[in-house]
Amino acid sequence: MKKRMKRVVGIILAFVMCAGMTLNAGAVTIDEAEDKADELEQQKESAEAEKEKLISQLNGIIDDMNETQEKLTVKEEEINAAEQELVQAKINENNQYESMKKRIKFMYEGGNTQFLEVLLQSQSIGDLLNKAEYVSQLSSYDRDMLTEFQNTVKEVEEKEAALQEEYSELNDLQDQLAEQQDQVQTLIDSKEAQIADIQDEIKANEATLEKLKKEAEEAKRLREEQAAAAAAGSGGSSYTPPSGGNVVSGNGYFTHPCPGMTYQSSYFGEIREFEVGGHKGNDYAAPVGTPTYAAAAGTVVIAGWSNSAGNWVVINHGNGLVTKYMHHSSLCVSTGQYVEKGQQIGYVGSTGQSTGPHLHFQVELNGVPVSPDSYM
Ligand SMILES: [Zn+2]
């Protein structure tokens, strides 16, 4: 049930972002960010366990490859030995043939020339042996020796062919193992990329959590200050009572709404990560409790609370011109009240969706945000 709720919240958030409304980390609660941290940690652990499994698989393949390589080396040595053996067998066979021919020649010198012709016309040892069948004088010793040498040659040739066959099978196996190694390495690479992504998410979530906790502390501190101020009657330490006279600066149609600011932290139209369509006003960073003033005379149409704007004031100046003042720690005007140009309306704070004490000052002409600077 809880999971389902989260998904619904996610869909709403996505919709809010598409709708182009201001959204920051304030939309996530500390509990949600902590749950997400646990969830990400679990995801990372299981991804790392999978990676370990793949690595041990890879090590197994590498062991097999080393073993196969050893077998290949042994097989190569055996093939070399068989080749040597074959050469020697062929030499032995040839020596026997040559010495046999010499003996036959000697036996028949000055005698049976017909046999000598038969002998010299022989095209191979086999041919000679066949023809020699008819020659009783050829010793059975020579014949047996030659046959034996020939058989040895044949056996060694067969042995070498078998070794070559085994060698090529081992080579195929080694190719397959190399392919498996590539595949597992690819899986490990993608697992590592996944872990890096999760790591990034963990970092981002930690930053969000830290920010949320700071905001919660700041909000708590403000509430305590406000409670102390209320208990003390009129004005706590950082809540100075409204000054008597109006504060007007410059010679524009608008006076500056926060002349006590330390610096301007954001500009109208600024593109920020968490907003769609650019910043709708100017942000004036100032310590909590710095007074804020009506930019021009008009009627307060809103002086109250908004989840996004915090304690805020909206003033209608007529002719389609409206000003909005957001994130106050407290207000000193009320709805329906008429204010003069430069009249104090509240105190700077960080209420609503705000990352630190500042006044968000927004000017709208016929409902469309415009640059405040053109009126000051
Ligand atoms: Zn702002």
Side-chain angles (χ1 to χ4, degrees), residues 13 16-28 207-208 211-212 214-219 221-222 247 249-250 252-296 298 300-317 321-333 339 344-376:
L13 287 182
V16 165
M17 289 183 93
C18 290
M21 287 175 68
T22 302
L23 179 81
N24 66 14
V28 182
T208 305
K211 196 175 138 212
L212 287 169
K214 263 192 195 153
E215 280 175 16
E217 271 169 33
E218 178 67 13
R221 197 182 63 78
L222 280 171
V247 177
S249 56
Y253 181 70
F254 284 164
T255 183
H256 199 289
C258 190
M261 70 170 184
T262 39
Y263 70 102
Q264 185 168 342
S265 55
S266 178
Y267 295 81
F268 174 78
E270 188 183 340
I271 303 300
R272 298 191 292 184
E273 212 183 319
F274 49 82
E275 275 175 341
V276 183
H279 195 203
K280 295 189 176 74
N282 282 348
D283 283 350
Y284 305 118
V288 171
T290 304
T292 61
Y293 303 98
V300 174
V301 290
I302 292 172
W305 174 258
S306 148
N307 282 334
S308 58
N311 291 317
W312 72 323
V313 174
V314 178
I315 301 174
N316 181 13
H317 306 286
L321 197 59
V322 165
T323 50
K324 296 177 173 179
Y325 311 75
M326 305 181 185
H327 313 305
H328 290 92
S329 55
S330 62
L331 303 176
C332 39
V333 290
V339 288
Q344 189 176 357
I345 56 172
Y347 298 95
V348 167
S350 186
T351 55
Q353 285 180 7
S354 166
T355 53
H358 75 287
L359 171 68
H360 172 103
F361 178 54
Q362 186 167 322
V363 180
E364 290 179 7
L365 185 59
N366 299 318
V368 178
V370 293
S371 172
D373 296 339
S374 39
Y375 290 89
M376 298 203 295

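Whatever order the structure lists ligands and atoms in, that order sets their numbers, starting from 1.
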Counting backbone and side-chain atoms alike, is an N, O or S atom of H279 positioned under 2.8 Å from the Zn ion (ligand 1)?
yes
By ring pair (Phe, Tyr, Trp, His ring centres under 6.0 Å), Y284 pairs with (sequence neighbours left out) H256
inquiry  = Do F268 and D373 have side chains that approach each other closer than 4.5 Å (heavy atoms only, starting at C-beta)?
reply    = no
NE2 (H358) and OG (S265) are apart, to the nearest 0.5 Å, by 6.0 Å
min-distance N/O/S atom, D283 vs the Zn ion (ligand 1), resolves to OD1
Residue set satisfying side-chain hydrogen bond (donor to acceptor under 3.5 Å, both in side chains) with H327, at least two apart, ordered chain then number -> none
Query - Short N/O/S contact of H360 with the Zn ion (ligand 1) (below 2.8 Å) - result: yes
